[in-house]
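First the structure, in the form of structure tokens, and then the observations on it.
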Amino acid sequence: MGIELTRSCLDAGLVTCNEAAAVKFYGEVLGLPPAGELAIDGIGIIKRFQVGESTLRIVVAESEPAMKASTDGFMSQTGLRYITLMIGNLDETVAAVKASGFRVPVDVMTLRPGTRVAQVEDADGNTIELMEVAPD
């Protein structure tokens, strides 16, 4: 027996202690529209951003987490290490990330004919893969 999806999308959540940098990266630089926020005692504030039919939840921790994830690139440890956004303006987005002072560990490159990618990082070192596929 498998799960019975009630929505055909995948939501994701990231934990941060740097609210200002997270809001700047996801809301301003990447331009994801805000989708509300919720404060939960003992956890922090969950800021939601709309990603098509999916939601990216940025959890601003109420207190410093006991451990932090590696910031040495997505291959530095096991676990959920990156998310991919399919976009139509790769060059402009990567330029905006660079201009805002965020890291671009993998600059724009051709992955295969008709598909270009780049990897950018938020202030906490979370990797966001940006992929642009040429229309058929």
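Just so it is clear, the model here is predicted, and its values are computed rather than measured.
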Can you label the angle between the Phe25 ring and the Phe102 ring as parallel, tilted or perpendicular, going by 30° and 60°?
->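 If you compare the ring of Phe25 with that of Phe102, the planes turn out perpendicular.
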
CG-CD distance between Asp41 and Glu62, expressed to the nearest 0.5 angstrom =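 So the CG of Asp41 and the CD of Glu62 are separated by 6.5 Å.
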
NZ/Lys47 to CG/Leu32 distance, rounded to the nearest 0.5 angstrom?
->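 Interatomic distance, Lys47 NZ to Leu32 CG, rounded to 0.5 Å: 14.0 Å.
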
Which heavy atom of [X] sits nearest a heavy atom of [Y], and at what distance?
{"X": "Ser76", "Y": "Gly73", "answer": "OG-O, 2.8 Å"}
{"X": "Ala12", "Y": "Ile83", "answer": "CB-CG2, 4.5 Å"}
{"X": "Asp11", "Y": "Ser54", "answer": "OD1-CA, 3.3 Å"}
{"X": "Gly125", "Y": "Thr71", "answer": "CA-CG2, 4.2 Å"}

Check: [Y] and [X] side chains under 4.5 Å, non-hydrogen atoms:
{"X": "Tyr26", "Y": "Asn126", "answer": "yes"}
{"X": "Phe49", "Y": "Leu30", "answer": "no"}
{"X": "Thr55", "Y": "Gln50", "answer": "yes"}
{"X": "Met131", "Y": "Leu111", "answer": "yes"}
{"X": "Thr127", "Y": "Arg81", "answer": "no"}

How about Gln77: does its CD atom have over 12 heavy atoms from other parts shown lying under 6.0 Å from it?
->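 Counting neighbours around CD of Gln77, more than 12 heavy atoms of other residues, nucleotides or ligands fall under 6.0 Å, so yes.
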
Before giving the answer on side-chain contact (heavy atoms from CB on, under 4.5 Å), spell out for Ile128 and Asp122 the whole-Å C-alpha distance, their side-chain angles and the decisive distance to 0.1 Å.
-> CA-CA 8 Å; Ile128 310 300; Asp122 68 10; 5.6 Å; no

Does Arg116 pair with Asp91 as a salt bridge, N-O distance under 4.0 Å?
->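 Judged by the 4.0 Å cut-off on N to carboxylate O distance, Arg116 and Asp91 do form a salt bridge.
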
Charged N to carboxylate O under 4.0 angstrom, Lys68 versus Asp124?
->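 Looking at Asp124 together with Lys68, the answer is no, because their closest N to O distance does not fall below 4.0 Å.
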
